[in-house]
Number of protein chains: 2
Amino acid sequence: MSLRIIFADGNVGEETDPVAALEIYRHSTSHLMAAAVDSLFPGTHLGIGPAISDGFYYDFQRSEGFVEEDLEKIEVRMKELVAQNLNYEPSIISKEEAIKYFKNRGEHLKVELIREKAGKQLSCYRLGDLVDFCTGPHLCSTGQIHPDSFHILNIAGSYWRGDEHREQLQRIYGTAFMAPDELHAYLKQLEEARKRDHRKLGRDLDLFSISEEAGAGLVLWHPKGTRIRLSIEDFLRKELFKRGYEFVTTPHVARDALWKTSGHYEYYLQNMYVFNIDDDEFVIKPMNCPGHIQIYKSQMRSYRDLPIRYAEFGTVYRYEKSGVLHGMLRVRGFTQDDAHIFCTREQVYGEISDLMDLVLFIMKSFGFDQYKVELSVRDESNKKEYAGTEEDWRMAEEALTESLRARGIEWARMEGEAVFYGPKIDVKLIDAIGRPWQLSTVQFDFTLPKRFDLSYIGSDGMSHQPVMLHRALLGSVERFLGVLIEHYAGAFPVWLAPVQVIVIPISEKHQEYAEKIRRRLSEAELRVEVDDRNEKMGFKIRAAQTRKVPYMLVVGDKELQSGQVSVRNRFQGDEGAQPLNNFLEKIGELIKTRSTRP
Amino acid sequence: MSLRIIFADGNVGEETDPVAALEIYRHSTSHLMAAAVDSLFPGTHLGIGPAISDGFYYDFQRSEGFVEEDLEKIEVRMKELVAQNLNYEPSIISKEEAIKYFKNRGEHLKVELIREKAGKQLSCYRLGDLVDFCTGPHLCSTGQIHPDSFHILNIAGSYWRGDEHREQLQRIYGTAFMAPDELHAYLKQLEEARKRDHRKLGRDLDLFSISEEAGAGLVLWHPKGTRIRLSIEDFLRKELFKRGYEFVTTPHVARDALWKTSGHYEYYLQNMYVFNIDDDEFVIKPMNCPGHIQIYKSQMRSYRDLPIRYAEFGTVYRYEKSGVLHGMLRVRGFTQDDAHIFCTREQVYGEISDLMDLVLFIMKSFGFDQYKVELSVRDESNKKEYAGTEEDWRMAEEALTESLRARGIEWARMEGEAVFYGPKIDVKLIDAIGRPWQLSTVQFDFTLPKRFDLSYIGSDGMSHQPVMLHRALLGSVERFLGVLIEHYAGAFPVWLAPVQVIVIPISEKHQEYAEKIRRRLSEAELRVEVDDRNEKMGFKIRAAQTRKVPYMLVVGDKELQSGQVSVRNRFQGDEGAQPLNNFLEKIGELIKTRSTRP
């Protein structure tokens with residue numbers, strides 16, 4: 001596939017790279033939207049209108065404001081402009097000329113941009129009546145845009161240049177694809193994502209809330225959310241103990257001295273919450289590493305003690321602008337399933353290798369089978385920007401690469417994407433509707449061992465510096481639950497479901513038997529409720545389905561007499577009457593194997 | 001028993017109340033110590049010298065400073081003054097006269113006190129050459145003090161009037177009893193307590209540390225300490241789920257708005273850590289209640305939902321002066337095993353009753369059989385100082401009283417000791433060497449439901465305000481571990497021990513078998529280590545004893561051939577060779593029953 005495009009200097013070319021082509025296509029559709037808005041709503045001022053990962057947007061300033069109903073009108077006008085097959089017409093003009101032109105049109109935002117960004121000469125593109133300051137390239141004409149492959153999505157508030165002290169604008173989002181069926185698939189995914197929105201499901205299933213009074217970005221975990229969290233934490237803790245980790249517990253606040261030693265005070269202060277005790281400054285921890293390092297340092301270590309693997313469900317607090325907060329996915333306080341490994345250079349490969357096994361095992365356990373792996377390495381042309389020796393980097397990059405190769409995992413090598421203190425592997429999970437989520441990370445750190453002067457006595461009797469690894473499997477428990485909710489659309493596997501079984505007595509005379517069943521299940525450590533409301537059985541079954549409870553046990557005369565239960569599951573429906581022990585055995589097996597289906 | 005005493009006006013009387021008598025006795029011994037110091041170290045200035053709960057102290061100011069060796073000299077001189085049978089001679093003089101007298105002697109601290117505290121007339125007591133400003137009463141003479149029933153204990157730094165901006169003084173602590181055997185018993189308990197000091201054992205057993213760099217009063221839980229903590233938390237959590245509690249998780253920081261509503265901002269600010277996010281003020285939570293209340297309020301509640309019991313291991317941070325911090329027992333950050341119960345008035349008695357059962361069950365589970373119970377009620381003569389209605393107070397006090405009576409628990413009724421927002425029960429545990437520790441508390445709260453406008457819809461369809469209870473069983477996990485360490489002198493019951501079993505191979509050729517045993521135990525979720533050091537068996541057994549590990553499994557040729565293990569336990573020693581399954585069964589039973597002895 002190739003796309004005919006026109007550059008700012010008027011030359012026409014072909015873009016064959018599909019990613020670059022799609023970006024140009026969307027950017028041109030954004031100009032098309034601006035032209036439509038300009039013709040429908042004269043006097044609207046323009047901000048900027050780039051392509052973004054899932055489409056495009058344009059920021060507008062209009063005193064009357066846009067409302068949802070305007071979006072359809074804009075889309076209709078865009079289609080008319082497509083039908084007119086208008087050209088994208090580039091021109092090069094002088095900065096003065098451009099400023100004069102946009103000033104005349106009252107486009108003060110464009111004037112500001114040109115003043116700051118443009119050289120002596122700059123390029124503009126005309127589309128119909130609209131001239132925009134733009135470096136291009138663009139499609140040659142609107143006829144190249146398929147009239148049924150773009151859609152205007154929604155309006156949101158925004159600030160000019162993202163600065164909350166500047167003009168408030170309205171951002172209209174749209175998306176565009178090369179072909180209608182791609183748009184169709186994308187809109188379907190959007191619709192599916194809307195149904196799975198963890199904020200809505202979190203409320204409907206009573207899992208968590210965020211209260212204005214308590215503060216934005218701070219999650220209150222309700223009982224049912226906490227049940228899921230405990231299932232996650234218990235599972236991880238058992239697994240980590242099995243794999244030679246030890247758990248530690250470190251305070252949520254620490255003196256500034258610690259963060260000065262770690263370097264966070266110098267490089268990360270804008271994200272840290274600071275307060276005073278007496279004359280000392282303290283920090284609410286944004287990371288768990290310095291705490292774990294204190295424990296490592298609490299005594300002399302020998303090579304016989306290594307590897308040391310400290311794990312903690314460590315709750316950290318980091319500053320985020322209120323505008324970017326988003327349910328459980330972007331918050332100001334979150335609990336990392338954090339661990340730090342201190343080991344010798346000889347142990348590095350074994351540790352990395354075990355870590356990759358662990359990452360894959362954990363993700364599979366939660367029902368994720370697809371992932372994208374990125375290996376971030378140094379910029380080879382700029383080696384002196386990185387901490388750590390040449391030898392350390394080679395060892396670390398080799399260990400990471402080899403751990404992937406040995407498992408037949410495909411990865412993308414991200415040249416120059418490593419942070420200065422060490423290379424890393426990031427794992428992005430693909431959820432049920434194809435969206436990627438950055439979760440696991442395995443990261444070398446060549447600076448903290450030096451900054452904190454960590455050491456161990458080697459078998460040679462000399463002091464050595466250990467290698468330090470940071471790693472998180474889920475990333476944060478908050479974000480992970482958000483992802484789980486959207487992945488499962490709230491219908492959790494039995495082992496994670498906050499309520500696993502609902503017992504439904506058909507009428508009042510079956511309540512005693514229902515209660516007896518509940519006790520039996522509860523003794524088996526199942527999470528079980530009785531729906532003893534005075535309602536019809538069909539109503540109660542529907543209610544349990546709505547609450548996405550995996551199993552319903554219906555008990556009436558027949559069951560009471562035979563001492564059985566009638567089992568229904570959320571997916572396949574009726575499983576028929578059976579002795580309670582059969583059911584207990586089955587559900588026990590599903591939980592033990594962390595099965596994702598009944 | 002009665003004690004002859006002399007009042008400031010020169011009248012002689014008898015004190016028959018043993019508590020008051022002991023206080024006068026100790027206060028007089030304190031004057032005796034001051035007289036001894038004055039004669040041994042002329043030019044020493046006097047602060048104050050009261051009786052305290054376990055003895056007495058006197059604050060001194062002396063440019064050269066006292067050292068440990070001085071204490072014996074002081075004690076010897078005190079005995080000489082006892083032998084001289086000196087009288088405590090009271091006199092009443094005018095304020096001016098007193099100021100002149102003490103000024104002449106250079107006692108500027110006394111002068112300051114007299115200026116502030118005394119009326120026109122004041123009383124002094126002379127003992128030998130030393131005259132002290134004192135309201136008395138005192139013993140009549142030093143001959144009443146038994147020469148072998150007092151002891152000077154130690155020196156510590158102190159500030160004049162407890163103000164760190166004032167003169168630094170030295171405080172000499174001593175203790176005194178009516179009879180030598182009481183002193184002897186007390187000193188033995190002190191010695192025993194020193195051996196059990198949780199700070200020393202915490203270090204020796206590698207349970208926790210506190211780092212200067214991370215901050216005073218902030219506990220770093222090491223792997224072995226965290227193992228104990230997890231055992232405690234898992235046990236409590238299972239028990240609470242069984243008893244109808246639900247767990248929630250609330251953030252460690254919240255907006256000031258929440259604390260203004262709760263009243264903490266007004267009444268508790270000096271103990272709270274405050275910081276800013278953007279233009280909002282936030283507080284690091286000193287309490288969990290407001291967070292739990294937010295969850296209660298996240299939806300409409302009906303009488304059918306009550307009682308609601310929210311539990312959380314909630315880590316809170318409170319300001320404490322650095323001088324009062326003490327290991328794990330007094331800290332700046334601690335994790336409460338907190339819960340809040342929201343119920344109807346009709347449910348109060350049942351809830352309180354269940355709570356008392358729970359408190360007793362939990363304490364027994366941790367090996368505490370003795371306790372003192374205090375019931376704090378209103379000051380009946382000052383009812384308008386309290387929140388809540390007359391009816392609420394009567395109901396609450398009755399429920400508390402009845403729950404104790406029904407269980408045959410003795411209690412002390414503390415008139416006027418209730419806080420303004422509700423009556424409470426405090427439970428003080430008595431540890432292995434007879435010391436009381438305030439741990440559990442059950443507390444009514446009549447203010448928060450009003451401040452947060454809590455409600456539920458009653459069976460009458462009307463809105464009602466629920467009753468709210470605060471309760472903690474352990475108090476804080478940090479403090480509780482401190483108490484547990486001292487109670488058990490670090491030798492924890494099997495179910496709590498951070499390492500439950502050490503496998504000791506007799507020589508290198510038994511290591512493989514030892515490792516096999518370790519794996520089997522580990523699969524049974526026991527906490528087990530192999531001591532594979534190249535050391536003699538006796539050395540390894542002693543090492544395990546020092547680490548207070550409950551069980552040692554020794555494996556050599558005999559065990560390898562018979563497929564058995566030789567079991568030793570920390571208390572009774574050798575239990576002989578046996579099949580591993582026998583041992584597994586036995587230790588499993590000890591853990592399940594939370595037995596305090598092997």
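Every value quoted in this text rests on a predicted model; they were computed, and no experiment measured them. By convention in this document, chain letters (A, B, ...) are assigned in the order of the sequence lines, proteins followed by strands, and residues within each chain are numbered from 1. What you see below is based on every heavy atom in this structure, not just the backbone, and it leaves out hydrogens, waters and symmetry mates.
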> Measuring heavy-atom distances to chain A, does B:Arg229 have an atom under 4.5 Å in its side chain, in its backbone, in both, or in neither?
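Looking at B:Arg229, just its side chain touches chain A.
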
> Need one label for A:Arg304: side chain, backbone, both or neither, based on atoms under 4.5 Å from any heavy atom in chain B.
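Only the side chain of A:Arg304 comes within 4.5 Å of chain B.
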
> Quick one: of A:Thr335, A:Ile284, A:Thr261, who has the most non-hydrogen atom pairs under 4.5 Å with chain B?
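Counting heavy-atom pairs under 4.5 Å, the top option is A:Ile284.
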
> Side chain, backbone, both or neither: which part of B:Ile308 has an atom under 4.5 Å from a heavy atom of chain A?
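Contact with chain A is absent: no heavy atom of B:Ile308 under 4.5 Å.
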
> Hey, could you give me the NZ/CZ distance between A:Lys224 and B:Phe247, rounded to the nearest 0.5 Å?
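Here the interatomic distance stands at 15.5 Å.
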
> What part of A:Tyr296 gets closer than 4.5 Å to chain B, counting heavy atoms only: side chain, backbone, both or neither?
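Contact with chain B is absent: no heavy atom of A:Tyr296 under 4.5 Å.
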
> Among B:Arg237, B:Lys242, B:Arg255, which has the most heavy-atom pairs under 4.5 Å with chain A?
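Sorted descending by pairs with chain A, the first entry is B:Arg255.
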
> About how many Å separate CD of B:Glu213 and OG of A:Ser262, when rounded to the nearest 0.5 Å?
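Reported value, rounded in 0.5 Å steps: 9.0 Å.
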
> When only pairs under 4.5 Å are counted, which of B:His222, B:Glu212, B:His292, B:Lys238 shares the most heavy-atom pairs with chain A?
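Heavy-atom pair counts peak at B:His222.
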
> Would you say that more than 12 heavy atoms from the other residues, nucleotides or ligands in this model lie under 6.0 Å from the CD of A:Gln270, or not?
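Enclosed.
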
> Do the side chains of A:Arg332 and B:Asp278 get close enough for a salt bridge, i.e. N-O under 4.0 angstrom?
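The answer is yes: the pair qualifies as a salt bridge.
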
> Answer with side chain, backbone, both or neither: which region of B:Asp256 has an atom nearer than 4.5 Å to a non-hydrogen atom of chain A?
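For B:Asp256, there is no contact with chain A at all, as no heavy atom is under 4.5 Å.
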
> Taking every non-hydrogen pair under 4.5 Å, which of A:Ser298, A:Gly215, A:Pro251 racks up the most with chain B?
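Heavy-atom pair counts peak at A:Pro251.
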
> Checking heavy atoms, do the side chain of A:Asp280, its backbone, both or neither come under 4.5 Å from chain B?
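No part of A:Asp280 comes within 4.5 Å of chain B.
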
> Counting only non-hydrogen atoms closer than 4.5 Å, does B:Ser522 touch chain A with its backbone (N, CA, C, O), its side chain (CB onward), both, or neither?
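Contact with chain A: none, neither part.
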
> Is the shortest heavy-atom distance from the side chain of A:Val253 to the side chain of B:Tyr273 under 4.5 Å?
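The answer is no, as the side chains (C-beta and beyond) never meet within the 4.5 Å cut-off.
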
> What heavy-atom pair brings A:Ala254 and B:Leu218 nearest, and what distance separates the two atoms?
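Distance-wise, the nearest heavy atoms are CA-CD1, 4.4 Å.
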
> With a 6.0 Å cut-off (strictly less than), is the heavy-atom count around CZ of B:Arg520, excluding the residue itself, greater than 12?
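Atom CZ in B:Arg520 is not crowded, with 12 or fewer foreign heavy atoms closer than 6.0 Å.
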
> Under a 4.5 Å heavy-atom cut-off, does chain A meet the side chain of B:Glu525, its backbone, both or neither?
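Just the side chain, heavy atoms under 4.5 Å.
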
> Measure the acute angle between the ring planes of B:His252 and A:Tyr317, then classify it against the limits of 30° and 60° as parallel, tilted or perpendicular.
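Rings of B:His252 and A:Tyr317: perpendicular, as their planes differ by over 60°.
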
> For B:Phe282, is it the side chain, the backbone, both, or neither that has a heavy atom closer than 4.5 Å to a heavy atom of chain A?
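Only the side chain of B:Phe282 comes within 4.5 Å of chain A.
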
> So for A:Val283, is it side chain, backbone, both, or neither that comes closer than 4.5 Å to the heavy atoms of chain B?
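Answer is neither: A:Val283 stays 4.5 Å or more from chain B.
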
> Would a 4.5 Å heavy-atom cut-off, applied to side chains only, mark A:Ser322 and B:Ile277 as touching?
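When only atoms from C-beta onward are counted, B:Ile277 and A:Ser322 do not touch, as no gap falls below 4.5 Å.
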
> Tell me whether the count of non-hydrogen atoms from other residues, nucleotides or ligands lying under 6.0 Å of CZ in B:Arg451 goes above 12.
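Atom CZ in B:Arg451 is packed in, count exceeds 12.
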
> Against chain A, work out which of B:Thr250, B:Val219, B:Asp234 has the most heavy-atom pairs shorter than 4.5 Å and name it.
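Ranked by contacts with chain A, first place is B:Val219.
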
> Ignoring hydrogens, what is the shortest heavy-atom contact between A:Leu220 and B:Gly291? Give both atom names and the distance.
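So the minimum-distance heavy-atom pair works out to CD2-O, 4.0 Å.
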
> Looking at every non-hydrogen atom in both residues, tell me the closest pair between B:Val248 and A:Thr226 and how far apart they are.
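Scanning both residues, the minimum pair turns out to be CA-OG1, 3.3 Å.
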
> For residues B:Ser211 and A:Gln294, report the shortest heavy-atom separation together with the two atoms involved.
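Distance-wise, the nearest heavy atoms are OG-OE1, 2.6 Å.
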
> With a cut-off of under 6.0 Å to the ring centre and 45° to the axis, is A:Arg227 in cation-pi contact with B:Phe241?
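Relative to the ring axis of B:Phe241, which defines the angle, A:Arg227 lies inside both limits.
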
> So which part of A:Tyr310 gets closer than 4.5 Å to some heavy atom of chain B, the side chain, the backbone, both or neither?
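Answer is side chain: those atoms of A:Tyr310 sit under 4.5 Å from chain B.
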
